[in-house]
Amino acid sequence: MLMLVNCSNCRTPLQLPPGARSIKCAVCQAVTHVADPRSAPPPPAAAGAVGHLPSYRPPASSPYGQPPGPLPSGHGRKKAVICGISYKYSRNELKGCINDAKCMRHLLINKFQFPSDSILMLTEEETDPYRIPTKHNIRMAMYWLVSGCQPGDSLVFHYSGHGSRQRNYNGDEVDGYDETLCPLDFTTQGMIVDDEINVALVRPLTPGVKLHAIIDACHSGTVLDLPFLCRMNSSGHYVWEDHRPPSGTWKGTNGGEVVSFSGCDDDQTSADTSALSKITSTGAMTYCFIQAIERGQASTYGSILNSMRAAIRATGNDNGLGGGVVTSLLTMLITGGSLGGGLRQEPQLTANQPFDVYMKPFSL
């Protein structure tokens, strides 16, 4: 049984191996020393603790301080976190992200039989303060998603919002940059870095557990820091690139499986546009992902990736994405929210292990 402890420096949750008395943080490299838990008295029950939620049982000291409010029960073997952020009334506002979240929820319930109360929605439209997509709430949602995972579980993490990148200083990025997600309060609380996302969502997964991440944001190609990226050309030919960190830091799972679809490569931007639906604004990647499934073009991982890329390429060639708002914080700050000319984005596929993308069936 692995124990979660906070890094003494940056507060990232770390998995302490059995019997270990200290652990080095992969994010900030600080060493955290841990007392023997057997010598401590049992913690008292926290007032107002969450009850009647068998799949969400936070420890007395959760990785991020106070436990969140009531969360979905996660009954059955399917759980999902769906996060859509519009940044309303700010210069960073996006029009399609909450639409993306609602469409993804509908897809999971009606196409893949996810129980509605096993889906945690984080948007600005939620009335529960614990379901607003702040940095703290997104962190706690990630922790809830993988908490208590068992063989046979199917987990989904969907994010539609701003993404960015920042210089990496610990030597675990091939391109020298960390990719980030931007919570609603990123201007005051900061961004969520790919190192933390990897620790929270990837490393806890045990054998028999599968996680799919769908990340509709800029600079999101390797935002889960997974070890392998499927580099596919326009003809559908591909090779797996090895993205394991030069530092030797382990970025894989604890025996589980992770596959991530992202809106674009690490150095590209993603569109928030009405050019695809012709009706309302959506994230280009989320729209094409759902469209591929509904059109029966998602029998394998290769077929769904090709379908998404072809749809975006066709729209881009028509300059249909040129006026779309881009979901990159950096580009928003430079351009004020749009790019001229046809926007070029190529959805990416990353995984914890290479596989034959045209033979492996796709299912959530």
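Between the side chain of Asn137 and the main chain of Pro129, a donor-acceptor pair closer than 3.5 Å is present. Between the side chain of Glu241 and the main chain of Val239, no donor-acceptor pair closer than 3.5 Å is present. A donor-acceptor pair under 3.5 Å links the side-chain atoms of Lys79 to the main chain of Trp144, judged by distance alone. With hydrogens and angles ignored, the 3.5 Å screen pairs no side-chain donor or acceptor of Arg77 with any backbone N or O of Ser154.
Contacts of Thr123 classified as side chain to side chain donor-acceptor pair (under 3.5 Å), with partners at least two apart in sequence or in another chain: none. Ser299 pairs by the side chain to side chain contact (heavy atoms under 4.5 Å, CB included) definition with Ser303, not counting sequence neighbours. Glu124 is linked by a salt bridge (Lys or Arg N to Asp or Glu O under 4.0 Å) to nothing, counting only residues two or more places apart in sequence or in another chain. Residues passing the salt bridge (Lys or Arg N to Asp or Glu O under 4.0 Å) test with Lys111: none are found, sequence neighbours excluded. Take Lys88 and apply the side chain to side chain donor-acceptor pair (under 3.5 Å) test, not counting sequence neighbours, and it matches no residue. With sequence neighbours left out, the salt bridge (Lys or Arg N to Asp or Glu O under 4.0 Å) criterion links Glu294 to no other residue. In this view, Tyr358 and Tyr238 satisfy the ring pair (Phe, Tyr, Trp, His ring centres under 6.0 Å) rule, not counting sequence neighbours. Scanning for side chain to side chain contact (heavy atoms under 4.5 Å, CB included) contacts around Pro151 gives an empty result, with sequence neighbours left out. Here Asn233 pairs with nothing under the side chain to side chain donor-acceptor pair (under 3.5 Å) rule; sequence neighbours left out. In this structure Ser307 satisfies the side chain to side chain donor-acceptor pair (under 3.5 Å) test together with Gln297, sequence neighbours excluded.
Remark: Leu155 CG to Leu201 CG distance equals 9.0 Å, nearest 0.5 Å. With rounding to the nearest 0.5 angstrom, the CD atom of Gln150 is 8.5 Å from the OG1 atom of Thr206. Put simply, CG on Leu145 and CE on Met140 are 12.5 Å apart, with the number rounded to the nearest 0.5 Å. Interatomic distance, CE of Met285 versus CE of Met308, reported as 4.0 Å (0.5 Å rounding). Taken to the nearest 0.5 Å, the OG atom of Ser262 stands 7.5 Å off from the CG atom of Leu229. For the atom pair NE2 (His162) and CG (Asp216), the distance works out to 12.0 Å, reported to the nearest 0.5 Å.
Grouping the Ile, Leu, Val, Met, Phe, Trp and Tyr side chains by contacts below 4.5 angstrom, directly or via other members, places Val209 with Leu224. Transitive grouping of hydrophobic side chains (ILVMFWY, heavy atoms separated by less than 4.5 Å) brings Ile214 and Phe355 into a common cluster. A continuous path of hydrophobic side-chain contacts links Val259 to Leu107 [ILVMFWY only; heavy atoms under 4.5 Å]. Grouping the Ile, Leu, Val, Met, Phe, Trp and Tyr side chains by contacts below 4.5 angstrom, directly or via other members, places Ile290 with Ile82. Ile138 and Val146 fall within the same hydrophobic cluster, defined by Ile, Leu, Val, Met, Phe, Trp and Tyr side-chain heavy atoms under 4.5 Å apart, directly or through other members.
Gly84 and Pro133 get closest at one heavy-atom pair: O-CG, 4.3 Å. Across Ala217 and Leu181, no two heavy atoms sit closer than the pair CB-CD2, 4.5 Å. Of all heavy-atom pairs spanning Asn352 and Gly256, the tightest one is ND2-O, 3.1 Å. Considering all non-hydrogen atoms of both residues, Lys78 and Phe112 come closest at NZ-O, 2.6 Å. Closest of all the heavy-atom pairs between Thr253 and Leu205 is CB-O, 3.7 Å. Closest heavy-atom contact between Cys230 and Val357: SG-CG1, 4.1 Å.
Between Phe289 and Pro347, every side-chain heavy-atom pair lies at or beyond the 4.5 Å cut-off. Considering only heavy atoms from C-beta on, Ser164 comes within 4.5 Å of Cys182 through its side chain. Within the 4.5 Å cutoff, the side chain of His158 has heavy atoms near those of the Asp100 side chain. Residues Thr350 and His243 have side chains not in contact (no heavy-atom distance under 4.5 Å, counting atoms from C-beta outward). Side-chain atoms of Ile215 and Phe261, non-hydrogen and from C-beta on, never get closer than 4.5 Å to each other. Residues Leu349 and Met232 fail the side-chain proximity criterion, which asks for heavy atoms closer than 4.5 Å. Two residues are said to be in side-chain contact when any heavy atoms from C-beta on lie closer than 4.5 Å; Thr286 and Met104 meet this criterion. The side-chain heavy atoms of Arg105 and Ser116, taken from C-beta on, include a pair separated by under 4.5 Å.
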Q) Between Ile312 and Glu346, does a side chain to side chain contact (heavy atoms under 4.5 Å, CB included) hold up when you go through it step by step? A) CA-CA 8 Å; Ile312 289 177; Glu346 295 179 325; over 6 Å; no
Q: Report the C-alpha separation of Ile197 and Asp225 in whole Å, then their side-chain angles, then the decisive distance to 0.1 Å, and conclude whether the side chain to side chain contact (heavy atoms under 4.5 Å, CB included) test is met.
A: CA-CA 8 Å; Ile197 299 169; Asp225 256 2; over 6 Å; no
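Judged as a salt bridge (Lys or Arg N to Asp or Glu O under 4.0 Å), the pairs with a partner in residues 348-362 (not counting sequence neighbours) are, in order, Glu257-Lys360.
Ring planes of His212 and Tyr301: parallel class, angle under 30° (limits at 30 and 60°).
Inspection of the Asn198 and Arg203 side chains reveals an N or O donor paired with an N or O acceptor under 3.5 Å.
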Please list, one pair per line, the donor and acceptor atoms closer than 3.5 Å that link side chains of residues 185-193 to other protein atoms, with sequence neighbours excluded.
unit_1, atom_1, unit_2, atom_2, d
Asp185, OD1, Lys135, N, 2.9
Thr188, OG1, Asp185, O, 3.2

